[in-house]
Protein chains: 2
Amino acid sequence: MTPYIVILSTGSELTAGRSVDTNSGWIANQLFELGWKVKKFITLPDDPILILSELQTLQSLAKEKPVLAIMTGGLGPTEDDYTLQTVLQLTGKKSYSVEKAKLRLTKIYESRGKEYKDILPSVFRQTHVPEGCKTLDNSVGIAVGFVESLGEHSYLVCMPGVPSEMTEMFKRRLVPELKKLYPRENLVQKTKWLWNMGESLFQNDFIEPNRDQFFKEAEWGVTANRGYIKCIFQSTNEPLLETIIQHLEAQYPKIISDDVFQYVHEQLLKEGLTISVAESCTGGLLGKKLTEQPGSSAYFLGGFLTYANEFKTNLLEVPMDTIETYGAVSDEVAKAMVEGLYQKTRTDFGVSITGIAGPDGGSDNKPVGTVCFGLKEPNGKISVHRYVFPGNREAIRENASNTALFLVYQSLKFRTV
Amino acid sequence: MTPYIVILSTGSELTAGRSVDTNSGWIANQLFELGWKVKKFITLPDDPILILSELQTLQSLAKEKPVLAIMTGGLGPTEDDYTLQTVLQLTGKKSYSVEKAKLRLTKIYESRGKEYKDILPSVFRQTHVPEGCKTLDNSVGIAVGFVESLGEHSYLVCMPGVPSEMTEMFKRRLVPELKKLYPRENLVQKTKWLWNMGESLFQNDFIEPNRDQFFKEAEWGVTANRGYIKCIFQSTNEPLLETIIQHLEAQYPKIISDDVFQYVHEQLLKEGLTISVAESCTGGLLGKKLTEQPGSSAYFLGGFLTYANEFKTNLLEVPMDTIETYGAVSDEVAKAMVEGLYQKTRTDFGVSITGIAGPDGGSDNKPVGTVCFGLKEPNGKISVHRYVFPGNREAIRENASNTALFLVYQSLKFRTV
């Protein structure tokens, strides 16, 4: 059974355009990976009348077909948080305070040197859920999520709007619950990344020629990211998926990868290798990405931000001559940067990045988006790589730091020791 | 007369979570500045049945009250563009090709060395609008927008989904039209940021006590961000807004700011000051933030990523003794880091960050979220600052790098040279 899925987000900051709702898209993406398509997103301001009316509409719809409504926001401590109140109005139920959440809240207050009695009633309200519903623990923040019935095979899920709380709750608490509520044939999913390739080219070159052979029994989807597209294949026929992946790998041997963030993290840990960086145009973004995962201190030691040319010469001993002859954005400077980096840090991997993030500074020879990379591998080999990335400043910087990780990925995967 | 405003975006890439809808928020923001609040965002996949049904719902609603529905997307040349078709079904009208758009399209084709007869029917369709409606010229792309009647004082606006086309059409064509359709008074808006303060505390301490005095004639709103809340006030009474801001500044002199990203950027440029960073737990995130704006190379010179302790000692000459005695996350190490940074870089400002981003590594004395900052100011003064930030690893790192910018903001704003 496949429910009619609606994602409902609340927040006056969203409908006033002061914040962008990233939750709904994120949830839709996760649901797609579970094999479900979303029929509608709705965003409402923090207005209890509008919210209640929407919930009533969904409740009526649930009389016709199974409805799954996933709602985010409105569980916080301020007067404009109405989710619990409107759900209680909808169902005619009362609420109660979840013991575990109450203890968690008390501990948080105590760690700040405050007492139980200091907790404002509005803050305390976040531990409340409607009677008799399935609760979803919050391991990041305070507000408890819950799953309320909307009718036969129909459910209303309420989660906090804070992305870090919602995503954790979704993955750890809600997904297992959804799998129980809507059991389905085991859908297998495989994902591969293709680097520096557009969605439409992928569709023309891979999907169309193989439509009859592969895609009657398998679904495909693509998401565009900075530097790569993520190609997702789904089917209940696992051997078919294997065949699709084999064809994909054969067609794109040089630009295909798995999740490079995960692979680089795991492989560096496993092999006990270290890495350092020398960043110019990315200004620290590669270092930031390399330290996103807990435990990254085992491999990421640090590095240099050499945005100004004098920092390239002073900190990394890039010869001023090289900069003057070839320009700060050049294969030669990228190479000198990674050589200087290795002299200072002696890490197994070293990566340098120098590029033109724009909007100014481009030329005919080196348009905006030109980025040069230096890569030092554990065997001592040093190589340089050059790309021209599309998009604006932010896109180019994201592209550059992701591509740097792809270079490390390729080395980890294919290098001969 | 204020219409009930709904923003409707269409696109299967949106409801699958492959793209984020930035149009709706942008439109809402523009409308908010015109003094209008949006009641609902709706996003639908490219499914003509779902789209038509939603338009019918809006048409029924327009029998009860004035409705303004602003729809983006579905006006393009591909088979999954259904907007015109569904509007014609809704109204029972026919469409015609707008002469001006036809000429524009022909010219574009000629400039590419093609002829009128080369234009595909699906491309040509973009010049069509329903009979008897107000057209909205597209000066960026091809698809023509239009305003169709939905009932008395009720309108359906259809615009392309490509942001560059939509925003231009909105500002140049639609806004003048809306001002004619719904005339009203001028609204003013002011925004301030408050640091390390919760939304609910702000509401209790500032909004409630001043509700009668200020907020009968002014609207307020708050958005929570990493490290700060953004407080927004709106009114047609500008002197009242000034008074509100004065009260806010008097009540929170130490934690109030304007947009620190913008202020730090502008002020460093204006005063010709330079800055460098020494980052541990943020891994490069502060450097990344300092280089987001074009032109940042005038002030941001670079810095050090000293994630590992040996990098703190080797690159910044932090005494190993200090690390062993006080711990890597300590006021003493933050101070030694910024001192070492200044020795190496001699920039006007220097910022060091060392903290526990978690999830592991916390203790009773130094819980996860503890972050120490060193700040070197242009007058040579060095200070240390310590915070405990809430949230998960990502939140703590965002908090820390934003707070670092707040420290620089305060120095730029209040320092005595």
Side-chain angles (χ1 to χ4, degrees), chain A residues 12-20 22 25-29 32 37-45 50 76-79 111 120 122-123 140 164 221-224 277 279 282-288 290-291 294 297 300-308 310-311 315 358-360 393-394, chain B residues 14-18 20 22 24-30 32 37-45 50 198-200 203-204 221 223 230 232 277 279 282-288 290-292 294 297 300-308 310-311 315 344 358-360 367 391-395:
Chain A
S12 295
E13 74 284 5
L14 302 175
T15 55
R18 292 196 298 269
S19 298
V20 171
T22 52
W26 185 90
I27 292 172
N29 217 314
F32 181 79
K37 287 188 182 155
V38 174
K39 291 284 194 267
K40 192 176 186 174
F41 290 177
I42 299 168
T43 308
L44 297 175
L50 293 176
T78 59
E79 68 167 15
S111 77
L120 292 170
S122 60
V123 172
V140 177
S164 58
V222 182
T223 64
V277 299
E279 303 187 48
T282 44
L285 185 54
L286 176 57
K288 187 251 178 186
L290 278 165
T291 51
S297 59
F300 181 75
L301 302 191
F304 298 84
L305 306 181
T306 56
Y307 209 60
E310 58 184 286
F311 274 44
L315 303 184
D360 304 317
R393 184 174 175 87
E394 189 237 332
Chain B
L14 302 175
T15 55
R18 292 198 295 271
V20 171
T22 54
S24 300
W26 186 89
I27 292 171
N29 216 316
Q30 298 288 312
F32 187 77
K37 286 191 182 159
V38 173
K39 292 285 196 264
K40 191 176 187 173
F41 289 177
I42 298 168
T43 307
L44 298 174
L50 292 177
E199 294 168 76
S200 43
Q203 190 180 328
N204 275 320
T223 65
K230 217 189 258 186
I232 301 147
V277 299
E279 303 186 49
T282 44
L285 185 55
L286 176 57
K288 187 252 175 183
L290 278 165
T291 53
E292 271 171 14
S297 59
F300 182 73
L301 302 191
F304 298 83
L305 306 180
T306 56
Y307 209 60
E310 58 184 285
F311 275 43
L315 304 183
K344 303 282 180 186
D360 304 316
N392 64 4
R393 185 173 174 87
E394 188 235 332

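Each chain gets a letter, A, B and so on, in the order the sequences are listed, and its residues count up from 1. Quantities reported herein were computed from a predicted structural model and do not represent experimental measurements. Only heavy atoms go into these numbers, but all of them, side chains included; no hydrogens, no water, no symmetry mates.
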In terms of heavy-atom proximity below 4.5 Å to chain A, should [X] be classed as side chain, backbone, both, or neither?
{"X": "B:Gln203", "answer": "side chain"}
{"X": "B:Leu286", "answer": "neither"}
{"X": "B:Phe304", "answer": "both"}

Choice from [options] maximising heavy atom contacts with chain A below 4.5 Å:
{"options": "B:Thr306, B:Asn392, B:Val20", "value": "B:Asn392"}
{"options": "B:Ser24, B:Pro45, B:Pro294", "value": "B:Pro294"}
{"options": "B:Gly198, B:Ala308, B:Gly391, B:Gly303", "value": "B:Gly303"}
{"options": "B:Lys230, B:Lys40, B:Glu394, B:Arg393", "value": "B:Arg393"}

Chain B: which of [options] shares the most heavy-atom pairs with it under 4.5 Å?
{"options": "A:Asn29, A:Asp360, A:Leu14, A:Leu301", "value": "A:Leu301"}
{"options": "A:Ala28, A:Ser122, A:Gly25, A:Ser297", "value": "A:Ala28"}
{"options": "A:Lys39, A:Glu13, A:Lys37", "value": "A:Lys39"}
{"options": "A:Val277, A:Val123, A:Ile27, A:Leu315", "value": "A:Leu315"}
{"options": "A:Leu120, A:Thr22, A:Ile42", "value": "A:Ile42"}

What closest approach, in Å, do A:Leu305 and B:Glu279 show between heavy atoms, and which atom pair accounts for it?
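Of all heavy-atom pairs spanning A:Leu305 and B:Glu279, the closest is CD1-OE2, 4.1 Å.
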Where A:Thr15 and B:Phe41 come nearest, the two heavy atoms and their spacing
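Looks like CA-CZ, 3.6 Å.
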Would you please name every residue forming a side chain to side chain donor-acceptor pair (under 3.5 Å) with B:Ser200, sequence neighbours left out?
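Listed in chain order: nothing, the list is empty.
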Using side-chain heavy atoms (C-beta onward) and a distance below 4.5 Å, is B:Tyr307 in contact with A:Leu290?
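Sidechains of A:Leu290 and B:Tyr307: no contact.
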Where on A:Thr282 is there a heavy atom nearer than 4.5 Å to chain B: the side chain, the backbone, both, or neither?
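For A:Thr282, the backbone is the part near chain B, not the side chain.
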Straight-line distance of B:Phe311 CZ to A:Phe300 CZ, nearest 0.5 Å:
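B:Phe311 CZ to A:Phe300 CZ: 8.0 Å, rounded to 0.5 Å.
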For B:Glu310, give me all partners under salt bridge (charged side-chain N to carboxylate O under 4.0 Å, His left out), at least two apart in sequence or on another chain.
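So B:Glu310 forms no salt bridge (charged side-chain N to carboxylate O under 4.0 Å, His left out) with any residue.
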